[in-house]
Amino acid sequence: QVQLVESGGGLVQAGGSLRLSCAASGRTFSIYDMGWFRQAPGKEREFVAAISWIGGSTYYADSVKGRFTISRDNAKNTVYLQMNSLKPEDTAVYYCAKRRAGRVGFYPDSYENWGQGTQVTVSS
């Protein structure tokens, strides 16, 4: 079983940057596709970015494309989300999760083993 712990959130001004980390425990982290999602107050959880298990393929929501970068270091069992040019609308709790075996798409239901989340607040 993989357990995920997010960190790196905080308060930043618009235009600033943050780097989120998602540390995984478990022996087979390297074979999982991983994703980042976010949930703002009163809104549904939404897809942000995903990365394939070998790190060769990355996917982004249109709202973050060109500003956010997802990466992974399998030797460190960690997935990262570099967030640049942050906007107030990026304010949310950010979660990482692993893709369920055999599932496709970038919906929350396609992922499991959610971490506890890390708060990102962007002030205007």
Side-chain angles (χ1 to χ4, degrees):
Q1 187 76 323
V2 175
Q3 292 185 324
L4 304 173
V5 178
E6 302 94 336
S7 62
L11 174 64
V12 63
Q13 289 188 333
S17 298
L18 284 173
R19 187 195 197 200
L20 306 184
S21 297
C22 171
S25 62
R27 297 177 297 171
T28 56
F29 167 80
S30 61
I31 68 170
Y32 298 123
D33 292 354
M34 300 293 295
W36 283 98
F37 289 75
R38 66 186 181 187
Q39 188 166 17
K43 295 187 176 182
E44 294 186 351
R45 192 166 297 188
E46 65 175 3
F47 169 73
V48 175
I51 188 166
S52 63
W53 69 277
I54 58 174
S57 297
T58 57
Y59 310 88
Y60 299 94
D62 288 343
S63 59
V64 307
K65 202 170 293 183
R67 300 188 297 122
F68 290 10
T69 302
I70 188 171
S71 62
R72 68 191 298 162
D73 184 338
N74 288 338
K76 295 183 177 180
N77 281 3
T78 302
V79 177
Y80 303 99
L81 186 67
Q82 178 67 44
M83 306 186 296
N84 299 328
S85 303
L86 283 161
K87 304 176 181 179
E89 51 263 44
D90 294 319
T91 295
V93 178
Y94 283 70
Y95 301 89
C96 68
K98 63 173 278 289
R99 183 182 289 281
R100 295 178 184 269
R103 300 293 290 267
V104 297
F106 303 114
Y107 310 102
D109 286 349
S110 296
Y111 288 79
E112 61 185 358
N113 298 91
W114 297 89
Q116 84 290 346
T118 185
Q119 176 72 47
V120 171
T121 303
V122 184
S123 63
S124 57

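Each residue takes its place number in the sequence, starting with 1. Fair warning: this is a prediction, and the values are worked out from it, not measured in the lab.
- With a 6.0 Å radius and a threshold of 12 heavy atoms from other residues, nucleotides or ligands, Gln116 has its CD atom above the threshold.
- Between the CZ atom in Arg38 and the OG atom in Ser63 there is a gap of 4.5 Å [rounded to 0.5 Å].
- You'll find the ring centres of Phe37 and Tyr95 outside the 6.0 Å limit.
- Put simply, Val12 and Val64 are part of the same group of oily side chains (I, L, V, M, F, W, Y) that touch within less than 4.5 Å, one to the next.
- Here the straight-line distance linking atom OG1 of Thr121 with atom CG of Asp90 works out to 11.0 Å at 0.5 Å rounding.
- At least one donor-acceptor pair under 3.5 Å links the side chain of Arg67 to the backbone N or O of Ser85.
- The closest donor-acceptor contact from the side chain of Thr91 to the backbone of Val122 lies under 3.5 Å.
- The aromatic ring centres of Tyr60 and Phe68 sit 6.0 Å or more apart.
- Rounding to the nearest 0.5 Å places OG1 of Thr58 at 9.5 Å from NZ of Lys65.
- Residues Val120 and Ile70 share a hydrophobic cluster, clusters being chains of Ile/Leu/Val/Met/Phe/Trp/Tyr side chains in contact below 4.5 Å.
- Contact check for Arg99 versus Met34: no side-chain heavy atoms found under the 4.5 Å cut-off.
- Note that the CH2 atom of Trp36 and the CD atom of Glu46 stand 14.5 Å from one another [nearest 0.5 Å].
- Ring geometry, Tyr59 versus Phe106: the interplanar angle falls from 30° to 60°, so the pair is classed tilted.
- Thr78 and Asp73 share no side-chain donor-acceptor pair at under 3.5 Å.
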Please report the C-alpha distance between Gln82 and Ser17 in whole Å, then the side-chain angles of each, then the deciding distance to 0.1 Å, and finally whether the side chain to side chain contact (heavy atoms under 4.5 Å, CB included) criterion is met. CA-CA 7 Å; Gln82 178 67 44; Ser17 298; 4.0 Å; yes

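- At most 12 non-hydrogen atoms from other residues, nucleotides or ligands lie less than 6.0 angstrom from NZ of Lys43.
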With side chain to side chain contact (heavy atoms under 4.5 Å, CB included) as the test, would you mind laying out the steps for Gln3 and Ser25 before giving the verdict? CA-CA 5 Å; Gln3 292 185 324; Ser25 62; 3.2 Å; yes

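- If you chain together hydrophobic residues whose side chains sit under 4.5 Å apart, Leu81 and Leu18 fall into the same group.
- With Asn113 contributing its side chain and Val2 its backbone, the two residues share a donor-acceptor pair below 3.5 Å.
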I would like to know whether Arg45 and Tyr107 meet side chain to side chain contact (heavy atoms under 4.5 Å, CB included); could you show each step before the answer? CA-CA 9 Å; Arg45 192 166 297 188; Tyr107 310 102; over 6 Å; no

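- If you take CG on Asn77 and CZ on Arg72, they are separated by 9.0 Å, rounding to the nearest 0.5 Å.
- In this structure the side chain of Cys96 reaches within 4.5 angstrom of the side chain of Glu6, judged on heavy atoms.
- When side chains are defined from C-beta on, Glu112 does not count as touching Tyr32, because their heavy atoms never get closer than 4.5 Å.
- Tyr111 and Leu20 fall into different hydrophobic clusters, where Ile, Leu, Val, Met, Phe, Trp and Tyr residues are linked whenever their side-chain heavy atoms come under 4.5 Å apart, directly or through other members.
- Shortest non-hydrogen contact noted between Val93 and Gln119 is CG2-OE1, 3.2 Å.
- Going from atom OH of Tyr80 over to atom SG of Cys22 covers 10.5 Å, rounded to the nearest 0.5 Å.
- Checking side-chain atoms of Gln39 against main-chain N and O of Ala92 turns up no donor-acceptor pair under 3.5 Å.
- No donor-acceptor pair closer than 3.5 Å links the side chain of Thr118 to the backbone N or O of Tyr94.
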